[in-house]
Colleague: 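My structure is below; once you've seen it, I'll send some questions.
Here is the naming used below: chain letters follow the sequence lines, and residue numbers restart at 1 for every chain.
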There are 2 protein chains.
Amino acid sequence: MLTDRKQKILKAIVEGYIQTGEPVGSKTLLSETGIDVSPATVRNDMADLTTRGYLFQPHTSAGRAPSQKGMRYYVDNLMSPVTPPERVRDYIDAKLSAAADTPEQLLREAAKLLSDYTGYAAVTTTPPSGDARVHRLHFIGTGRHTVMVVLVTSSGMVRSKLFRSNFVVTNEVLEILRETLNKALSGVPLSQINKPFMQTVAASFTELFLVIPQALTAIMEIAASAQVVQLCLSGETKLLFAPEVDPVTSRGILGFLSDTEQVAKLLLSQKSSLCAYLGTECRRAELLTAAVICARYEIEGTTAGAVALFGPGRMDFADAMGAVNYISQSVGDLLSEMVDL
Amino acid sequence: MLTDRKQKILKAIVEGYIQTGEPVGSKTLLSETGIDVSPATVRNDMADLTTRGYLFQPHTSAGRAPSQKGMRYYVDNLMSPVTPPERVRDYIDAKLSAAADTPEQLLREAAKLLSDYTGYAAVTTTPPSGDARVHRLHFIGTGRHTVMVVLVTSSGMVRSKLFRSNFVVTNEVLEILRETLNKALSGVPLSQINKPFMQTVAASFTELFLVIPQALTAIMEIAASAQVVQLCLSGETKLLFAPEVDPVTSRGILGFLSDTEQVAKLLLSQKSSLCAYLGTECRRAELLTAAVICARYEIEGTTAGAVALFGPGRMDFADAMGAVNYISQSVGDLLSEMVDL
DNA sequence: GTTAGCACTCGCAATGTTAGAGTGCTAATC
DNA sequence: GATTAGCACTCTAACATTGCGAGTGCTAAC
């Protein structure tokens with residue numbers, strides 16, 4: 001479709017634009033690449049690339065900048081992700097292993113590492129819960145009137161919450177809670193733990209009617225939170241201070257990121273293991289001038305959560321995609337080792 | 001010190017400036033207030049206020065804007081906090097009571113409410129742990145190789161963390177952990193739970209040497225986290241979209257807020273129950289053009305954590321201080337009710 | 001197909017101009 | 001002595017003008 005030289009020119013323009021943020025002219029292009037033709041030839045090719053929609057001119061006397069289509073072509077055909085150098089990989093591996101107590105903790109660390117390495121905002125999500133069920137409920141007295149309930153799901157996820165009881169919590173109360181509620185709820189899918197269901201449960205335990213409502217409410221809340229993917233954000237404010245990120249873009253990204261649900265939806269809608277969304281491809285007004293790189297990590301071969309990077313439209317895709325890819329793989333590997341119940 | 005009329009003029013200028021963000025001239029001042037003198041008189045007074053440092057002129061042909069000293073005078077002498085209207089108070093009370101399961105949850109809700117009401121970034125801190133001690137440790141098996149440890153402190157705080165064990169976790173293991181570690185650590189001040197101390201503890205439990213290190217590390221981490229005040233932030237991104245907040249200020253605030261320790265230090269350094277920091281008064285370069293309103297809440301009569309609001313230097317101090325004050329009082333009341341062990 | 005040459009376009013920055021808001025000062029007035 | 005009217009003055013923001021330079025497209029030659 002594109003001749004060899006035109007590809008080279010497009011590549012040079014994209015990389016120049018990524019570096020400087022300015023449209024690239026025919027002369028500067030030649031001085032910074034090994035292409036050995038005259039400026040006029042380059043101009044002819046650039047004119048052609050422009051009419052075909054890969055480039056655009058902000059105005060007549062400016063150089064050319066890649067359009068979204070040009071960027072897309074570059075990402076798809078002219079570059080490949082660059083895996084971080086060995087010492088970075090070693091550092092990442094060490095930090096991730098050290099954080100591999102909990103999936104949540106691991107994912108938080110992964111987001112932090114990704115953001116620190118790239119300088120942009122990183123997001124990781126916990127694996128979607130799928131059709132997890134209640135495995136076991138634990139109850140701990142943490143005060144005279146407070147109880148901690150711990151939910152362990154069939155997928156090994158652990159969630160806890162405190163609730164208050166109207167009367168003093170004794171060991172017997174805890175024992176009864178444990179016994180009755182495990183009997184009633186073990187094996188029940190999380191998705192089924194809603195208000196109507198819980199009301200029928202409550203109806204069958206008249207003896208403890210003074211604690212049961214609070215306990216059931218708490219369980220309902222943690223079941224709900226265990227079903228929703230959790231987001232770990234890191235480095236959002238870096239965007240505001242990075243000179244290569246224009247204020248509109250960073251505001252847009254920060255605005256977008258503050259809506260958790262929307263972010264989760266975007267990241268988990270993607271099938272392929274590693275991909276980049278450019279500008280309008282996200283179909284979100286806030287991200288028109290931004291770029292998102294997203295990779296799904298796999299737990300034991302099955303697609304699970306996502307690792308993503310939010311940055312300016314002109315970020316260094318080779319490095320960024322390499323980093324996202326490497327971290328998502330590592331996260332997947334570590335989580336696979338962690339599976340255990 | 002200042003004549004009645006000069007106070008009125010200063011007040012009018014401050015309020016005008018808060019509203020519009022523009023320096024106020026002598027004419028506009030007269031048309032928007034009930035002061036019944038000629039512009040020339042106002043100008044004389046303004047000139048005097050300027051030489052005394054309460055006002056300043058950005059340039060010769062501009063009106064006057066309050067200097068930091070002027071703002072300080074306004075806050076100290078010319079206005080008083082305005083408690084939110086009844087329906088807002090009712091709404092806040094309802095939301096806060098509903099969240100009063102855990103101090104953390106309550107404080108998160110408080111930050112959210114404060115930010116939603118004012119439109120700026122709100123921060124709350126948990127109460128400093130003081131000289132809390134280990135009250136009790138609980139251990140729950142949450143997987144074949146994972147254990148959850150729950151620390152209840154003498155002040156009633158609850159912290160939990162998961163850790164991994166190299167071999168299968170049985171009920172006997174949990175029982176031994178519970179018994180031995182409670183014996184060893186109950187009553188020990190959190191501040192004492194550091195590496196050297198834990199190593200001496202570890203040395204005395206040779207029988208469980210395969211789990212103990214992980215357990216002790218986990219306990220060390222939650223003890224550390226229980227000693228540090230936790231911050232709840234809310235509405236940071238609102239600053240970026242509020243037209244009355246200039247970008248420099250919002251960037252500064254966001255940058256400042258991303259350093260947790262520094263924020264905690266600032267908020268907890270303050271003694272008086274309600275106060276405002278203007279510009280340089282925070283002694284932080286990032287906050288030069290910002291204003292911070294901070295109130296300490298009290299638990300059973302003792303100063304504890306803080307509720308704070310970060311906004312532009314020209315925010316509406318009457319409303320903002322009223323809101324911070326009301327919420328900090330409510331939080332204190334609810335937390336006082338919650339004390340219980 | 002490639003190149004040299006040249007006229008042309010257009011944004012940007014520097015400069016000039018103007019209108020208006022707001023001031024400070026002085027002298028008159030209350 | 002405080003207040004006021006009047007007036008000349010200052011300074012910015014907004015707009016128009018200009019020149020420069022980067023970069024182009026086109027044409028004719030290679």
Colleague: Contact between A:Leu49 and A:Leu2 at the side-chain level, heavy atoms closer than 4.5 Å - yes or no?
Modeller: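 Yes; the side chains approach each other to less than 4.5 Å.
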Colleague: If you round to the nearest 0.5 Å, how far is OG1 of A:Thr125 from CG of A:Leu266?
Modeller: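 Nearest 0.5 Å value for the CG-OG1 distance: 11.0 Å.
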Colleague: Of all residues at least two apart in sequence or in a different chain, which pass the salt bridge (Lys or Arg N to Asp or Glu O under 4.0 Å) check with B:Arg89?
Modeller: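 Listed in chain order: nothing, the list is empty.
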Colleague: Drop me the distance from A:Thr41's OG1 to A:Asp36's CG, to the nearest 0.5 angstrom.
Modeller: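 A:Thr41 atom OG1 to A:Asp36 atom CG measures 10.0 Å (nearest 0.5 Å).
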Colleague: By the salt bridge (charged side-chain N to carboxylate O under 4.0 Å, His left out) test, which pairs, at least two apart or in different chains, include something from residues 51-74 of chain A?
Modeller: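 Sorted result for residues 51-74 of chain A: A:Asp48-A:Arg52, A:Arg72-A:Asp76, A:Arg72-A:Glu281.
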Colleague: If you count every heavy atom of other residues, nucleotides or ligands that lies below 6.0 Å from B:Phe56 atom CZ, does the total exceed 12?
Modeller: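 Counting neighbours around CZ of B:Phe56, more than 12 heavy atoms of other residues, nucleotides or ligands fall under 6.0 Å, so yes.
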Colleague: Mind listing the side-chain donor-acceptor pairs of residues 8-17 of chain B below 3.5 Å, one per line with the distance, residues two or more places apart or on another chain?
Modeller:
| from | atom 1 | to | atom 2 | distance (Å) |
| --- | --- | --- | --- | --- |
| B:Glu15 | OE2 | B:Tyr74 | OH | 3.1 |

Colleague: Does anything in residues 235-247 of chain A pair up under salt bridge (charged side-chain N to carboxylate O under 4.0 Å, His left out), and if so which pairs, sequence neighbours excluded?
Modeller: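 Checked against salt bridge (charged side-chain N to carboxylate O under 4.0 Å, His left out) - neighbours excluded - the pairs reaching residues 235-247 of chain A are A:Asp116-A:Lys238.
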Colleague: Would you please name every residue forming a side-chain hydrogen bond (donor to acceptor under 3.5 Å, both in side chains) with B:Gln19, sequence neighbours left out?
Modeller: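 Result, side-chain hydrogen bond (donor to acceptor under 3.5 Å, both in side chains) vs B:Gln19: none returned.
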Colleague: With sequence neighbours left out, write down each residue that passes side-chain contact (heavy atoms from CB on, under 4.5 Å) with B:Ala40, or none if nothing qualifies.
Modeller: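 B:Ala40 satisfies side-chain contact (heavy atoms from CB on, under 4.5 Å) with B:Ser38, B:Arg43 only.
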Colleague: What's the verdict on side-chain contact (heavy atoms from CB on, under 4.5 Å) for A:Leu309 and A:Val292, showing C-alpha distance, side-chain angles and the deciding distance?
Modeller: CA-CA 6 Å; A:Leu309 188 65; A:Val292 183; over 6 Å; no
Colleague: Walk me through it: do A:Val263 and A:Leu233 pass the test side-chain contact (heavy atoms from CB on, under 4.5 Å)?
Modeller: CA-CA 11 Å; A:Val263 176; A:Leu233 307 188; 5.5 Å; no
Colleague: Starting from the first five and the last five pairs of the helix from C:dG1-D:dC30 to C:dC30-D:dG1, work out the angle between the resulting helix axes, to 10 degrees.
Modeller: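 About 20° separates the two local helix axes.
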Colleague: I need the full list of side chain to side chain donor-acceptor pair (under 3.5 Å) pairs touching residues 314-328 of chain B, with sequence neighbours left out, sorted by first then second residue.
Modeller: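 Non-adjacent pairs meeting side chain to side chain donor-acceptor pair (under 3.5 Å): B:Asp93-B:Tyr326.
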Colleague: Hey, where on DNA chain D does chain B first and last touch, going 5' to 3'? Cut-off is any atom under 4.0 Å from a heavy atom.
Modeller: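 Listing 5' to 3', DNA chain D meets chain B from D:dT3 to D:dT12.
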Colleague: Could you walk me through whether B:Thr124 and B:Leu231 pass the side-chain contact (heavy atoms from CB on, under 4.5 Å) check?
Modeller: CA-CA 6 Å; B:Thr124 55; B:Leu231 251 49; over 6 Å; no
Colleague: In residues 30-48 of chain A, which residues come under 4.0 Å of DNA chain D by heavy atom?
Modeller: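 Within this stretch, A:Arg43, A:Met46 sit under 4.0 Å of the strand.
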Colleague: Please verify the inter-ring angle class for A:Phe256 with A:Phe310; under 30° counts as parallel, over 60° as perpendicular, anything in between as tilted.
Modeller: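 Plane angle between 30° and 60°, so tilted.
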Colleague: For DNA chain C, determine which residues of residues 16-28 of chain A have any heavy atom closer than 4.0 angstrom to one of its atoms, and list them numerically.
Modeller: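 Heavy-atom contacts with DNA chain C come from no residue of residues 16-28 of chain A; none.
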Colleague: With 3.5 Å as the limit, what N/O pairs link the protein to nucleotides 9-14 of chain C?
Modeller:
| from | atom 1 | to | atom 2 | distance (Å) |
| --- | --- | --- | --- | --- |
| C:dC10 | O2 | A:Ser61 | OG | 3.1 |

